[in-house]
Amino acid sequence: MADDKLRQELFYMVRLTSKYDFTKMEVVESILRLENERQILCSVFGKRFKSRIFDIAAGLDSDSSCVICGNPAENHVICQHCIDTIGSSEYAKSKIKTKENENKGFAFKIPNIKLPKLSIPKLRLNKKEKELSIDRDKRFFNRIFSGRLKTCIQLVLTVCLIMILFIQIWVAVLWFSIPDFNPSEEPRNSEYPQVAVNSKDEAYDQLLLDFPEKEGYTLTYGRVDSEYVGRFLLDNGDCCQDVEEQLTDEEKYDYFFTEDVYIFYISYLEENTSKVGLAEINSNGAIIIEGSFNDGRKTDCFYKFR
């Protein structure tokens, strides 16, 4: 389900980029207001997308790199390569086809039926016979009406019971199939030892060992930034945010010092699969990563990789 959520989010971002002009503040405010209600853009790429379009609308100096892969983007949001790749994926085609089918309607005409006029002979009845006839007609119509009403009630109750039964079956099937949709997997860890790096090129070479281009990965250098020292001292596979919530005050003192790290963007795009994230490597060669590289894990949290 993590992959489906990420594909939905990337497709949503591409559709917004292709359709709207982010230089208009009223457009961006409407998008962000709708996003606060629907909570679609929750990953690191969605957060970066929201921040970028707000900066553009506000006239602030913004980065011109793609918020997904990090390559230069002419529209300062998403590059044409990512737009074409995501827009031509099977997921995007299925979503577009489903929307087209929903917009199709069915029109039909009811033929006009002309009924022949019936002439009812006038009968002359005395007053008593008229009263008996009216009373008999009332009983007849009341019996027909009560019978039809009872039949309609029974039909409605039957339909409701069938719908409730189907809903219960659907809920049961969904409940038992949840483990299949979101399996629990062990975190992916690097098989290579830490090697000290002195430049972004050496850091790039170390990342290529785990994310080789021949397997479809694309590494893009981002920048030099600062990161917490303690995150690089964790055991491989540990989620940084989970560990930080359990630190004591004394442990936090040493943990939250910062050091310079090299930041790289990682993307992996295929016809039916997309994996995106980023990696941070310090001078000792320790690596932490964030992104959709492990099914069932938090895609917006860092964890120790090497």
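Counting from 1, the numbers follow the sequence of the chain as shown. Any value given below was found using the heavy atoms of this structure, including those in side chains, with hydrogens, waters and symmetry copies removed. Quantities reported herein were computed from a predicted structural model and do not represent experimental measurements.
Checking side-chain atoms of Asn284 against main-chain N and O of Ala196 turns up no donor-acceptor pair under 3.5 Å. Looking at Glu251, its side chain never comes within 3.5 Å of a backbone N or O of Leu247 through a donor-acceptor pair. Between the Glu37 side chain and the Leu34 main chain, no donor and acceptor come within less than 3.5 Å of each other.
When every heavy atom of Leu41 is checked against every heavy atom of Glu35, the shortest pair comes out as N-OE2, 2.7 Å. Here the shortest heavy-atom pairing between Arg48 and Val67 reads NH1-O, 2.8 Å. Heavy atoms only, all atoms of each residue included: Ser43 and Leu6 are closest at OG-CD1, 4.3 Å. Closest non-hydrogen pair, Arg52 versus His76, comes out as NH1-O, 2.7 Å. Of all heavy-atom pairs spanning Ile287 and Phe232, the tightest one is N-CD2, 4.2 Å. Across Cys69 and Cys79, no two heavy atoms sit closer than the pair SG-SG, 3.6 Å.
In the displayed structure, Glu250 atom CD is contacted under 6.0 Å by at most 12 heavy atoms of other residues, nucleotides or ligands. By the neighbour-count criterion of 12 heavy atoms within 6.0 Å, atom CD of Glu90 is densely surrounded, having more than that number from other residues, nucleotides or ligands. Residue Gln154 places its CD atom among more than 12 non-hydrogen atoms of other residues, nucleotides or ligands, all under 6.0 Å distant. Remark: Tyr253 OH is loosely packed, at most 12 non-hydrogen atoms of other residues, nucleotides or ligands lying under 6.0 Å away. Under a cut-off of 6.0 angstrom, the local environment of CZ in Phe54 is sparse, with at most 12 non-hydrogen atoms contributed by other residues, nucleotides or ligands.
Residues Glu244 and Phe256 have side chains in contact (heavy-atom distance under 4.5 Å, counting atoms from C-beta outward). Residues Met163 and Val159 form a side-chain contact, since some pair of their non-hydrogen atoms from C-beta on lies under 4.5 Å apart. Within the 4.5 Å cutoff, the side chain of Lys304 has no heavy atoms near those of the Asp235 side chain. Val261 is not listed as a side-chain neighbour of Val224, based on a closest heavy-atom distance of 4.5 Å or more. Side-chain contact between Ile266 and Thr218: absent, with no pair of heavy atoms (C-beta onward) separated by less than 4.5 Å. With a 4.5 Å cut-off on side-chain heavy atoms, Ile288 and Glu227 count as touching. A heavy-atom distance below 4.5 Å is found between the side chains of Arg306 and Gln206. Put simply, the side chain of Arg15 does not reach to within 4.5 Å of the side chain of Tyr12, judged on heavy atoms.
Put simply, CD1 on Ile86 and CD on Glu9 are 10.5 Å apart, with the number rounded to the nearest 0.5 Å. With rounding to the nearest 0.5 angstrom, the OG1 atom of Thr85 is 6.0 Å from the CG atom of Leu269. The distance from the CG atom of Leu16 to the CD1 atom of Ile78 is 8.5 Å, given to the nearest 0.5 Å. Here the CG atom belonging to Leu10 is positioned 12.0 Å from the CD1 atom belonging to Ile83, to the nearest 0.5 angstrom. In this structure, the separation between OH on Tyr265 and CZ on Phe45 is 9.5 Å, given to the nearest 0.5 Å. Distance check: Leu219 CG to Leu208 CG gives 5.0 Å after rounding to the nearest 0.5 Å.
Inspection of the Glu259 and Asn282 side chains reveals an N or O donor paired with an N or O acceptor under 3.5 Å. Using modelled atom types and a 3.5 Å distance limit, the side chains of Gln80 and Asp84 yield a donor-acceptor pair. In the model, Asp201 has no side-chain atom that pairs as donor or acceptor with a side-chain atom of Ser199 under 3.5 Å. Side-chain contact, Asp260 with Ser226: no donor N or O sits under 3.5 Å from an acceptor N or O.
Ring planes of Tyr217 and Tyr268: tilted class, angle from 30 to 60°. Tyr204 and Phe264 have tilted rings, their planes meeting at an angle from 30° to 60° on a 0 to 90° scale.
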Apply side-chain contact (heavy atoms from CB on, under 4.5 Å) to Leu155 and Thr151, showing your working. CA-CA 6 Å; Leu155 181 61; Thr151 302; 5.5 Å; no
Step-by-step side-chain contact (heavy atoms from CB on, under 4.5 Å) determination, Tyr255 to Cys240: CA-CA 11 Å; Tyr255 185 96; Cys240 299; 4.3 Å; yes
Run the side-chain contact (heavy atoms from CB on, under 4.5 Å) check on Ile289 and Tyr303 step by step: do they pass? CA-CA 6 Å; Ile289 66 174; Tyr303 73 92; 3.1 Å; yes
Run the side-chain contact (heavy atoms from CB on, under 4.5 Å) test on Asp21 and Val27 for me, step by step, so that the C-alpha distance in whole Å, both residues' side-chain angles and the decisive distance to 0.1 Å come before the verdict. CA-CA 7 Å; Asp21 181 9; Val27 173; 5.7 Å; no
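Follow the hydrophobic side-chain contacts under 4.5 Å out from Val77 and you reach Val44 in the same cluster. Cluster membership check: Phe305 does not share its hydrophobic cluster with Tyr192, using side-chain heavy-atom separations under 4.5 Å among Ile, Leu, Val, Met, Phe, Trp and Tyr. Linking Ile, Leu, Val, Met, Phe, Trp and Tyr whenever their side-chain heavy atoms come within less than 4.5 Å leaves Ile281 and Val195 in two separate clusters. Hydrophobic clustering places Met13 together with Tyr20 (ILVMFWY residues linked when any side-chain heavy atoms are closer than 4.5 Å, directly or through intermediates). Residues Val173 and Phe166 do not share a hydrophobic cluster, defined by chaining ILVMFWY side chains whose heavy atoms lie under 4.5 Å apart.
Remark: Lys200 fails to qualify as a cation-pi partner of Tyr262 under the 6.0 Å distance and 45° angle criteria applied to the six-membered ring.
Phe302 and Tyr228 have their aromatic ring centers separated by at least 6.0 angstrom.
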